[in-house]
2 protein chains.
Amino acid sequence: MPSKPAPITMDAVYTAPGYLFRRMQQIAVSIFIEECSAFDLTPVQYAALVAIHTHPGIDATRLSAVIAFDRSTLGNVIERLESKTLIERKPSQGDKRVKLLYLSKAGASVLRDIMPSVERAQVRMLQPLKPTDRKTLLALLTQLVDLNNEASRVPLRAEDALEHLGKAG
Amino acid sequence: MPSKPAPITMDAVYTAPGYLFRRMQQIAVSIFIEECSAFDLTPVQYAALVAIHTHPGIDATRLSAVIAFDRSTLGNVIERLESKTLIERKPSQGDKRVKLLYLSKAGASVLRDIMPSVERAQVRMLQPLKPTDRKTLLALLTQLVDLNNEASRVPLRAEDALEHLGKAG
DNA sequence: CTCAGATTGACAGTATACTTACAATATCGG
DNA sequence: CCGATATTGTAAGTATACTGTCAATCTGAG
């Protein structure tokens, strides 16, 4: 016998993991923007700066794998970072298709200065929970993101970051 | 004495709650779109349909409070739902500024039919975790979203949904 | 070495998600 | 009743976050 369909209520939305993830993401971005308002950097731009700092001379495609944004999205992000003169794009000698990414002095300076604000934002996101619960949530979320990596359209490929070392400038 | 700043590493990004929330959001949307591909509905459009189903005759501003999307975003969502003829907009008699929202027959039908796919998507998001861990994560996330409600730019105001009952048609 | 196939960055298109601003309309204090 | 104030929907602008497609370029099989 077929089971009766569940009634359609708002509660079904409010308790759905997908809805909670969306809400939490909205809240996290709000808090980040607020804490870092002095620097005019979005969370995505911050992550890109860190990755370029950590992997100087990386190209856009590899960068997209390292921070798990798709290439199209990242193109715009890079453009904005370049127009703010936080990064520089130089053509690769070896491969004429590729443009290598480097932090500018201004970019390195902004990145250094923004760190405390970023740290404050990350703390604030979890602040309402008890310390034990913060650890539990973070551990479970890390696990879940990792195990679901392949389910996302742009899986994280941290190891790709190393490949550019062979083909620099 | 001032403490030395932490070194800037990708690990600082990967373990930051904000980054994990963003990743999880990306994954959740991917899974939803995949499971519901037959219906051509996004997660946001689905949530809006449910809210209009639950509160027939609601207006856009109140709807935005009920699902916690801002009014501007919701304007576009409503437009798309209307152009797909899943909802109808009727002017309110009492208040000439307001347009009241109703599900069309097609909208009600799509909403009924999509429910199993939505349910499958929600299950899949948490699938990689052990059942106990799923419950823990959901409980902590629900708590955190609730306690951080005011931190988001568009706080959830579920109770607003009831106000439209007085001013229908 | 050459050509099929892959890769790279760029572009166009769609859909959130927010900001500020604005005109039309409501409402409330005096 | 009337004018300051608030609300509603809409629009323009910015920033993710995807889908495609495309030309330029590179790589590898034969």
Side-chain angles (χ1 to χ4, degrees), chain A residues 18-19 21-23 25-34 37 40-48 58-65 67-84 89 91-101 152-154 160 163-164 167, chain B residues 18-19 21-23 25-34 37 40-48 58-65 67-84 89 91-101 152-154 160 163-164 167:
Chain A
Y19 181 79
F21 291 137
R22 170 181 304 276
R23 257 329 257 137
Q25 157 53 1
Q26 287 175 334
I27 290 165
V29 172
S30 270
I31 291 175
F32 186 103
I33 296 289
E34 207 176 303
S37 59
D40 190 34
L41 267 197
T42 66
V44 167
Q45 289 167 12
Y46 160 75
I58 198 172
D59 63 279
T61 296
R62 237 163 293 282
L63 181 59
S64 87
I67 51 184
F69 304 156
D70 87 341
R71 276 192 312 149
S72 297
T73 302
L74 200 58
N76 302 326
V77 175
I78 287 174
E79 218 170 88
R80 282 186 277 274
L81 287 175
E82 200 181 16
S83 78
K84 291 191 215 177
R89 260 196 291 198
S92 164
Q93 293 297 325
D95 189 332
K96 284 181 202 161
R97 296 168 306 176
V98 170
K99 297 180 182 177
L100 305 176
L101 303 169
S152 79
R153 297 304 174 96
V154 186
D160 278 20
E163 288 179 29
H164 76 287
K167 48 168 77 175
Chain B
Y19 181 79
F21 291 137
R22 170 181 305 275
R23 270 308 273 142
Q25 217 297 342
Q26 288 176 335
I27 291 165
V29 172
S30 270
I31 292 176
F32 186 103
I33 296 289
E34 208 176 303
S37 60
D40 189 34
L41 267 197
T42 66
V44 167
Q45 290 166 12
Y46 159 75
I58 198 172
D59 62 278
T61 296
R62 237 163 294 283
L63 181 60
S64 87
I67 52 184
F69 305 156
D70 87 341
R71 277 191 311 151
S72 297
T73 302
L74 200 58
N76 301 326
V77 175
I78 288 173
E79 216 171 88
R80 282 185 277 273
L81 286 175
E82 199 181 16
S83 78
K84 290 191 214 175
R89 261 198 288 200
S92 164
Q93 295 296 328
D95 189 332
K96 285 180 201 161
R97 296 167 305 176
V98 170
K99 297 180 181 176
L100 305 176
L101 302 169
S152 79
R153 298 306 173 96
V154 186
D160 278 21
E163 289 179 27
H164 76 288
K167 47 170 78 175

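The figures that follow rest on heavy atoms only: side chains count, while hydrogens, waters and symmetry mates do not. Labels below follow one simple rule: chain letters A, B, ... track the order of the sequence lines, proteins then strands, and each chain is numbered from 1.
Computed from coordinates, the E82(A) CD to dA15(D) P distance equals 15 Å when rounded to whole Å. Straight-line distance from the CZ atom of F32(A) to the P atom of dA17(C): 18 Å, rounded to whole Å. Following rounding to the nearest Å, R97(B) (CZ) and dT10(D) (P) show an atom-to-atom distance of 13 Å. Following rounding to the nearest Å, D70(B) (CG) and dT8(D) (C1') show an atom-to-atom distance of 14 Å. As a whole-Å value, the separation of Q26(A) CD from dT19(C) C1' is 15 Å. Going from atom CG of L74(A) over to atom C1' of dT19(D) covers 16 Å, rounded to whole Å. Between the CD1 atom of I58(A) and the C1' atom of dT8(C) there is a distance of 14 Å, given to the nearest Å. Between the CD1 atom of I27(B) and the P atom of dC18(D) there is a distance of 10 Å, given to the nearest Å.
Proximity note for D59(A) (side chain, C-beta onward) versus dT8(C), dT16(C), dA15(D): the nearest is dT8(C). Nearest to the side chain of R22(A), among dT25(C), dT16(C), dT16(D), sits dT16(C). Distance from the side chain of R80(B) is smallest to dA15(C) among dA15(C), dT16(D), dT7(D). Checked against dT25(C), dT16(D), dA15(C), the side chain of Q45(A) finds its nearest nucleotide in dT16(D). Taking only side-chain atoms of N76(B), from C-beta outward, the nucleotide of dG9(C), dT16(C), dG9(D) with the closest atom is dT16(C). Considering only side-chain atoms of F69(A), the nucleotide from dT8(D), dT8(C), dA17(D) that sits closest is dA17(D).
Residues A68(B) and K96(B) both approach DNA chain C. Their nearest nucleotides, taken by heavy-atom distance, put A68(B) toward the 5′ side. DNA chain D is contacted by both T61(B) and V44(A); T61(B) maps to the nucleotide lying nearer its 5′ end (nearest heavy atom per residue).
Among the protein residues, V29(B) comes within range of no part of the nucleic acid, since none of its heavy atoms lies under 4.0 Å from any strand. Residue-level contact check: T73(B) touches the bases, meaning some heavy atom is under 4.0 Å from a base atom. Residue contacts for S72(A): at a heavy-atom cut-off of 4.0 Å it reaches a base atom on one of the strands shown. Contact annotation for Q25(A): backbone-only contact, meaning every heavy-atom pair under 4.0 Å involves sugar-phosphate atoms and none involves a base.
Atom CG in D95(B) sits 8.5 Å away from atom CG in D59(B) (nearest 0.5 Å). In this structure, L74(B) CG and E79(B) CD are separated by 11.0 Å, a value rounded to the nearest 0.5 Å.
For R71(A) against dG9(C), a side-chain-to-base donor-acceptor contact under 3.5 Å is present.
The phosphate of dT16(C) has neither OP1 nor OP2 within less than 4.0 Å of any side-chain N or O from R23(A).
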Open item on the list: Is there a side-chain hydrogen bond (donor to acceptor under 3.5 Å, both in side chains) between Q25(B) and R22(B)? Walk through the geometry before answering.
Closed with: CA-CA 5 Å; Q25(B) 217 297 342; R22(B) 170 181 305 275; over 6 Å; no
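Of the N and O atoms on the side chains of D70(A) and T73(A), at least one donor lies less than 3.5 Å from an acceptor on the other residue.
Smallest separation of non-hydrogen atoms from P43(B) and I33(B): CD-CD1, 4.0 Å. Residues V77(A) and V44(A) approach most closely at CG2-CG1, 3.7 Å, considering heavy atoms.
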